[in-house]
Protein chains: 4
Amino acid sequence: MARPLSEEKRDAILTAAADLVATLGIGASTAKIAKAAGVAEGTLFTYFPTKDDLLNQLFLEIESGLAEVMTASHPTTSDPRECVRHIWERLIDWGVANPTWRKTLRQLKVSGRIRPDSLRRFDIQFRETRARVERSLAGRSDPARMPFYIDTMLLGLAEIAMDAIAVNPGERERITQAGFDLFWKGTAA
Amino acid sequence: MARPLSEEKRDAILTAAADLVATLGIGASTAKIAKAAGVAEGTLFTYFPTKDDLLNQLFLEIESGLAEVMTASHPTTSDPRECVRHIWERLIDWGVANPTWRKTLRQLKVSGRIRPDSLRRFDIQFRETRARVERSLAGRSDPARMPFYIDTMLLGLAEIAMDAIAVNPGERERITQAGFDLFWKGTAA
Amino acid sequence: MARPLSEEKRDAILTAAADLVATLGIGASTAKIAKAAGVAEGTLFTYFPTKDDLLNQLFLEIESGLAEVMTASHPTTSDPRECVRHIWERLIDWGVANPTWRKTLRQLKVSGRIRPDSLRRFDIQFRETRARVERSLAGRSDPARMPFYIDTMLLGLAEIAMDAIAVNPGERERITQAGFDLFWKGTAA
Amino acid sequence: MARPLSEEKRDAILTAAADLVATLGIGASTAKIAKAAGVAEGTLFTYFPTKDDLLNQLFLEIESGLAEVMTASHPTTSDPRECVRHIWERLIDWGVANPTWRKTLRQLKVSGRIRPDSLRRFDIQFRETRARVERSLAGRSDPARMPFYIDTMLLGLAEIAMDAIAVNPGERERITQAGFDLFWKGTAA
DNA sequence: TATGAATGAGCCTTCATTCAT
DNA sequence: AATGAATGAAGGCTCATTCAT
């Protein structure tokens with residue numbers, strides 16, 4: 001009757017990893033992560049058999065959080081523009097509220113150590129939001145370009161906007177607005 | 001009067017570094033880089049005193065190449081749209097022609113090891129192109145948003161487009177077009 | 001609760017270090033020391049975070065041993081001359097018994113890598129012996145010269161004598177005697 | 001008809017080596033020494049085929065200087081005590097005037113890289129001075145102990161005194177006096 | 001399960017020496 | 001003779017992972 005793995009410790013490790021990866025890149029050592037999490041070096045490996053596993057779980061955890069934010073709140077209006085705008089703002093809110101996670105995410109994406117299936121998982125979680133955006137753009141955007149606009153550009157633009165806000169927090173409102181306008185006008189047929 | 005530093009070797013090191021950083025990230029070891037460049041481990045350090053120096057030079061070299069491409073060719077028409085389109089296409093061309101350099105650049109940017117002055121150097125080299133874009137957008141874009149459009153969005157969008165093309169080379173034409181349209185329409189007042 | 005640090009290994013490392021430093025100087029590599037101690041290269045650093053730390057601990061360990069020898073045995077007589085002589089002989093005994101430690105000590109002293117607080121620690125350990133010598137010289141030596149005689153000359157002379165014995169082991173008795181006479185007569189008022 | 005070796009460069013290298021060895025120990029790199037001497041890295045090796053050769057030459061050069069100082073000046077009196085005292089003071093003078101050389105010498109002696117024949121050479125140069133001391137001690141010191149007093153103790157004591165002065169320059173007079181007294185009284189029969 | 005000591009490959013850098021110029 | 005680029009073997013230290021406790 002072995003002691004069960006502690007959710008608490010798992011989270012502590014993940015949080016510590018996020019912090020250190022954001023700061024130091026994926027080169028952050030497992031030893032440092034363990035210490036920051038308040039667990040022993042070896043304990044980390046009972047929760048994540050491999051550093052790669054830890055990194056992948058971290059990716060999943062963060063992307064889940066982001067997807068959740070998207071799914072959690074629905075716009076009250078049925079106006080297409082307002083609907084996309086609502087999503088856009090949730091995206092920006094998330095980025096502003098979680099600067100560390102964003103940095104971590106960037107490091108992870110660039111690291112080449114996130115497995116294809118980890119990447120795919122995100123698409124699934126994002127599916128519902130995606131559908132809402134698609135409905136909102138329907139009729140006013142070239143249907144052939146829809147995947148490009150939604151899968152490639154929407155998140156890409158949001159990231160750029162978040163970066164800009166990170167550098168210039170005082171401009172948050174204006175950047176959010178300008179970014180959204182660019183997307184909305186740019187995707188019109 | 002002794003053997004002069006060899007431009008050839010310097011370039012070989014830089015090229016090898018670009019290849020390996022693109023593949024392995026900035027964790028690519030100096031030993032591997034030296035071997036790939038066909039020089040002794042120690043030789044790398046007579047050309048670049050430090051790994052950080054190597055990384056910064058690499059950044060500078062790549063950004064210079066990009067800036068040069070922008071500056072080298074001028075549009076024939078004076079039509080503003082065509083002028084920006086010309087620049088946009090040079091950007092995409094460069095990205096498609098140098099996929100390794102793009103990957104390297106991303107790794108370097110995210111690494112936190114590029115010195116501020118290296119980053120600033122790029123702004124200077126890009127200044128002329130920037131001015132041309134500014135002139136082209138003048139009158140049709142909100143002046144207050146100009147810096148955001150040019151400094152933040154133009155290159156950002158181009159990068160997203162390049163990524164999309166890298167994943168889907170057959171769609172090059174359509175992505176290039178769609179990306180440009182998004183920018184051009186999106187930046188209208 | 002994990003495997004405890006092993007006193008045994010620590011000592012093996014220290015002993016190996018002493019041997020190699022005596023022979024090769026402080027340039028002796030940590031790799032060689034680890035191998036000689038029968039532990040992995042990395043293990044050395046779990047016992048001594050830094051080569052400098054190893055060197056300082058080594059210094060402390062050796063000086064402690066020496067100080068202990070001084071403190072451990074007390075002369076039976078209260079005759080001042082015999083008292084100093086007793087100390088002098090303990091000193092020489094120690095040197096003869098531990099030729100490697102003496103060589104190591106010399107290397108360490110000359111290396112410039114022993115921290116001031118490591119040096120000071122010895123003074124403290126030596127304090128009791130020092131007091132005994134001071135009492136023995138009292139009355140027959142110039143009080144103003146006392147610190148010079150005890151702190152500077154006593155140990156210095158002993159070292160010279162030990163060196164001479166090391167070169168000429170057969171002369172041990174005579175050198176010991178001659179050295180002591182030199183000190184005793186030389187410090188008379 | 002090749003260019004002859006330049007005495008000047010040789011000296012510059014030797015001087016630079018002395019400085020750096022004093023500061024850094026024999027670990028001082030040939031590259032640093034060459035740079036400090038104002039010559040190219042390779043040039044050092046046309047003057048000294050090997051680092052060991054350089055170190056041995058350095059030793060010889062410094063010991064020669066010291067021996068020369070001893071031989072150069074003769075005491076005016078024929079009083080034995082004054083004669084030894086004169087020598088003792090030359091020794092101390094030299095040490096105080098050349099702190100760097102003393103440090104260098106200590107490093108070299110301890111390094112184990114000075115060849116036996118280099119060591120022997122000094123004995124020869126010192127022979128004349130030695131004879132003078134021997135004559136001065138004759139009659140008042142135990143003849144059997146003469147070699148110990150002169151070869152071992154005289155220079156050893158002088159070194160200790162020099163060290164003490166180095167630490168406490170203001171006490172120069174007193175230390176010189178106390179050291180000499182110790183030697184003189186201590187060597188009486 | 002939790003701990004942290006143990007491991008040895010690998011990392012960046014330095015170095016004495018050689019050799020093309 | 002003088003120069004300094006080229007070399008590859010160390011050097012000190014870090015790391016992901018294993019395993020005794």
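Every chain is numbered from 1, with letters handed out A, B, ... down the list of sequences. These numbers come from the heavy atoms of this one structure, side chains and all, not from hydrogens, waters or symmetry mates.
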Rounded to whole Å, how long is the line connecting atom [atom1] of [X] with atom [atom2] of [N]?
{"X": "C:Arg3", "N": "E:dA5", "atom1": "CZ", "atom2": "C1'", "value": "5 Å"}
{"X": "A:Leu54", "N": "F:dC15", "atom1": "CG", "atom2": "C1'", "value": "14 Å"}
{"X": "C:Leu5", "N": "F:dT21", "atom1": "CG", "atom2": "P", "value": "14 Å"}
{"X": "D:Arg10", "N": "F:dA1", "atom1": "CZ", "atom2": "C1'", "value": "16 Å"}
{"X": "D:Tyr47", "N": "E:dT17", "atom1": "OH", "atom2": "P", "value": "18 Å"}
{"X": "A:Phe45", "N": "F:dA16", "atom1": "CZ", "atom2": "P", "value": "7 Å"}
{"X": "C:Leu44", "N": "E:dA6", "atom1": "CG", "atom2": "P", "value": "11 Å"}
{"X": "D:Ile33", "N": "F:dT3", "atom1": "CD1", "atom2": "C1'", "value": "18 Å"}

Less than 4.0 angstrom between a side-chain N/O of [X] and OP1 or OP2 of [N], yes or no?
{"X": "C:Thr43", "N": "E:dA5", "result": "no"}
{"X": "A:Thr46", "N": "E:dA2", "result": "yes"}
{"X": "D:Ser29", "N": "E:dT14", "result": "no"}
{"X": "D:Thr30", "N": "E:dC15", "result": "no"}
{"X": "B:Lys9", "N": "F:dA6", "result": "yes"}

Decide yes or no for [X] and [Y]: does some side-chain heavy atom of the first lie under 4.5 Å from some side-chain heavy atom of the second?
{"X": "C:Leu108", "Y": "C:Arg113", "value": "no"}
{"X": "D:Asp163", "Y": "D:Arg102", "value": "yes"}
{"X": "D:Ser64", "Y": "D:Phe122", "value": "no"}
{"X": "D:Phe59", "Y": "D:Arg115", "value": "no"}

Applying a 4.0 Å non-hydrogen cut-off, can you work out what [X] is touching in the nucleic acid: base, sugar-phosphate, or nothing?
{"X": "B:Thr50", "value": "sugar-phosphate"}
{"X": "C:Phe48", "value": "nothing"}
{"X": "D:Ala34", "value": "nothing"}

Q. Which heavy atom in A:Ile33 sits nearest to a heavy atom in A:Leu54, and how many Å separate them?
A.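 Closest heavy-atom pair between A:Ile33 and A:Leu54: CD1-CD2, 4.2 Å.
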(Q) Which nucleotide, if any, forms a Watson-Crick or G-U wobble pair with F:dT21, using both distances under 3.5 Å? (A) E:dA2
Q | Nucleotide paired to F:dC13 in any strand shown, Watson-Crick or G-U, under 3.5 Å | A |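 Per the H-bond distance test, E:dG10.
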Q) Between D:Lys51 and B:Pro4, which has a closest nucleotide on DNA chain E that is more 5'? A)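 Going by which nucleotide is closer to the 5' end, it is D:Lys51.
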Q) Which comes earlier along DNA chain E counting from the 5' end, the contact point of A:Glu41 or that of C:Val39, where each point is its nearest nucleotide? A)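 Here A:Glu41 is the residue nearer the 5' end.
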(Q) Assuming nearest nucleotide by heavy-atom distance, tell me which of B:Gly38 and C:Gly27 is located more 5' along DNA chain F. (A)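 Upstream on the strand: B:Gly38.
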Q.
If you count every heavy atom of other residues, nucleotides or ligands that lies below 6.0 Å from D:Lys51 atom NZ, does the total exceed 12?
A. yes
